[in-house]
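Here's the structure we're looking at; comments come further down.
Order of the sequence lines fixes the chain letters, A, B, ..., with proteins taken first and strands second; residue numbering starts at 1 for each chain.
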Amino acid sequence: MKNRLQFRLLGRKIYGSLGRFIAIILIIMLGVLLFVGIKSSGPDLYHDSTTFLQKKRASDVQIISSTGLTNRDLKLARQIKGAQVEGSKFVYGTSSQNSDTIQLFSYRQADRLNQLELTKGHLPRQNSEVVLDDLARKQGYALGDQIKITNSQLQRQQFWIVGFVISPQFVNKATRGTTNIGDGSVNYFAYTNQANFKVSAYSAINVHFPKLEGLNSYGDDYQAQVARKVTQLKAAFAGRAQKRDQEIQTAALKPINQQQAKINAAKKQLTAAKQQVSAASQGQLTTTPEIIAQEKSLQDAQAKIDAAKKKMTQLATTTFYYNERADLPGFTDYGNLADRIAAIANVFPLIFFLIAVLITFTTITRMVEEEQTQIGTLKALGYTRWEIAQNYVFYALLAAVLGIIIGVIVGTKTLPQIVISMMQTQYSYPPSPIGYDWPTIIIAIGLALFATLGAVVYVLIVQLHEKPAALMQPKAPKAGKRILLERFTTLWQHLSFNQKVSYRNLFRFKSRMWMGILGIAGGTGLILTGFGIRDSIDYSGQTQFK
Amino acid sequence: MTNYIEVKDATKTYQMGETTIVANDALNFSVKQGELAVILGPSGAGKSTILNILGGMDSPTSGQILIDGVDIAAFSERQLTAYRRTDVGFVFQFYNLVPNLTATENVELASAVAPDALDPTEVLQEVGLQARMDNFPAQLSGGEQQRVAIARALAKNPKLVLADEPTGALDYVTGKQVLKLLQDVSRKKGQTVLIITHNAAIAPMADRVIQINDAKVRRVIENPHPQSIDEIEW
């Protein structure tokens, strides 16, 4: 019966002052919403990238060599435990349209790493087909168009555009990397069948570690682990550069040596011819003008061959480069942005939350104080402190829980979406379903409960400690006090009655004064920060280039 | 008859800033089991203070308060709560009903925590409110509200009923009804009843009148032939 009465009382209290109850829920909700929403945007952005890179099996390390890579290199890379290894070819070419610079990659249906995400059309099925960077679609390239990509290492130059794609290697829409042809920057990437490439050597080896999937590519943990893998790769490739040099020299020296043999044969013939001339003229002639001319041309040829040999040995110096994801064009910017948003979350919503806490605290304190007589009556009837407190604790708990639940759901489902959609104008990570950021939510719950439950407990401890007799008497009004301003008699005399009362009350109720000052200060601060951030962003560019 | 209440040298002082206010100055009196006692005195004499102390709502600064032989002045907070819960029924000058609860629920509020509680509906019938049981306090007149308050005090079936100026906010006729109820409690149920009043005219209804003035007990009058409230006019 006691509990039934308590619940009835609670229900009528809520219903009787629905406005106040809803106000507490709303302010808690707003605080939680902003805090959780902005704070979880950072992790959400990372989550988007992790999901996409995992799904597309983006390479963790790309090995690039100054002299190309062969199957022997692939084998070396495969020695690393848990590594998935694939070779990839690419060339830089100029498109006939707009003279755009295009990085053309090799495509094989069997490729598993750095998979492409189609936005339109289909992947290349025939050698005449090419898929183009999704960026190009917005620049006037269309499905079914013919495109001419000029590069001497390609079997063909004319391709049909059959699809548009996003690649995990190019996540930043602002940059496609650099090259040494055209104006130096790559405009688009493209993929066509590997059969179209003349060269047998690979341009890059993609290495992927399934074990690192699911780690945040921008996180320290991932970077440390990849660094370890790179060290292993370097160890596996130790001495490989010299061997590769020899391979190349042997291969390159073959035609030169053939030429040398020809020259040697020609030299022999000349020597024989000289001897014949000498024998025929009985020692009077050692040579003829023809022979001299022949010798001269032979000497020239020998010099050329020597130069070629020398050039070969000089050219063929192999260096391996180990590129991580962070070396991909525009990759790290994303992480910096996400970090910056998370940093904003540490300040902005926290101030808002503090104000929410302040408001809730005052509201609940006042509510309990208003019911001082009722608390006294219940005490007089013999209710224990906890029995009396229950009612208020449940009231606060209910308001807090409702506010928290709505705030967490709305905050998690809306704010990060807005941030992500803003990021999507620049980055090609597709949004992935958003999860709840529990550490943040727990902090928010703690703060919200402090504001509501904390206030109730604080006031109740003060109130319930009083004797019931004291509680039932109407509280004596706070004593009025003279204030400093009154010492300035001339000034004080010129104030109107209302002004005098206002100034006295300002100092009479100090807690209310501070509440007002802090509330207004916080609110003003937030608005000013908001405008300030906008202004700073707008004008920093202008200032920089003035 | 034994002394149910025995007040020995009860002193209560309040500290108000730098001045000390003596509300009760070494009070001494006793009330027998089943008696109807009236504490009579002008405003500010310290009547309410001693009643609050007797009801376990306040503690004396010094002295002893023996209720049924036990000194409640030495009680801890927890013991005082239990004492208020089981032994005391309180009637306040301004009724102090919970505005969000109906008449019945207000009575239930008290009976819910008392071990020997009476049925709230029956008690409300006894005070003549069977027709207003589902009304909220705001829908009741002052006299009806005070009767609910009395029902609330009685529903606990307490040994001691304390009434602080129960007619203070009521008109003559309604006031009489309320006093009659309290007199019946003492007469018919044998509960000890203490009524505070500044109205000397109602003193003849009591078995015992304790006159308090200026924080001190001035006189204790035993009245072997108390009058029924119906016979008293003022």
Student check: side-chain heavy atoms of [X] and [Y] closer than 4.5 Å:
X        : Y        : result
A:Lys467 : B:Glu77  : yes
A:Thr384 : B:Arg85  : yes
A:Leu381 : B:Lys156 : yes

Do other residues, nucleotides or ligands put more than 12 heavy atoms under 6.0 Å from [X] [atom1]?
X        : atom1 : answer
A:Lys500 : NZ    : yes
A:Tyr503 : OH    : no
A:Phe7   : CZ    : no
B:Arg218 : CZ    : yes
A:Trp492 : CH2   : yes
A:Phe450 : CZ    : no

- Got a donor-acceptor contact below 3.5 angstrom from the A:Arg8 side chain to the B:Leu101 backbone? no
- Interface residue of largest heavy-atom contact number with chain A, from B:Asp87, B:Asp58, B:Val88, B:Thr49, under 4.5 Å: B:Asp58
Heavy-atom contact with chain B under 4.5 Å, split by part of [X]:
X        : result
A:Glu387 : side chain
A:Tyr383 : both
A:Leu378 : side chain

- If you look at every heavy atom in B:Met57 and A:Ala380, which pair is closest and at what distance? SD-CB, 3.0 Å
- Closest heavy-atom contact between A:Pro468 and B:Arg84? CG-NH1, 3.6 Å
Part of [X] lying under 4.5 Å from any heavy atom of chain A:
X        : value
B:Thr86  : neither
B:Phe136 : side chain
B:Arg152 : side chain

- Item | Interatomic distance, B:Phe92 atom CZ to A:Thr377 atom OG1 [nearest 0.5 angstrom] | 5.5 Å
- Query: Between atom CD of A:Gln374 and atom CG of B:Asn100, what is the distance when rounded to the nearest 0.5 Å?
  - Reply: 7.0 Å
- Item | Choice from A:Lys13, A:Glu466, A:Arg385 maximising heavy atom contacts with chain B below 4.5 Å | A:Arg385
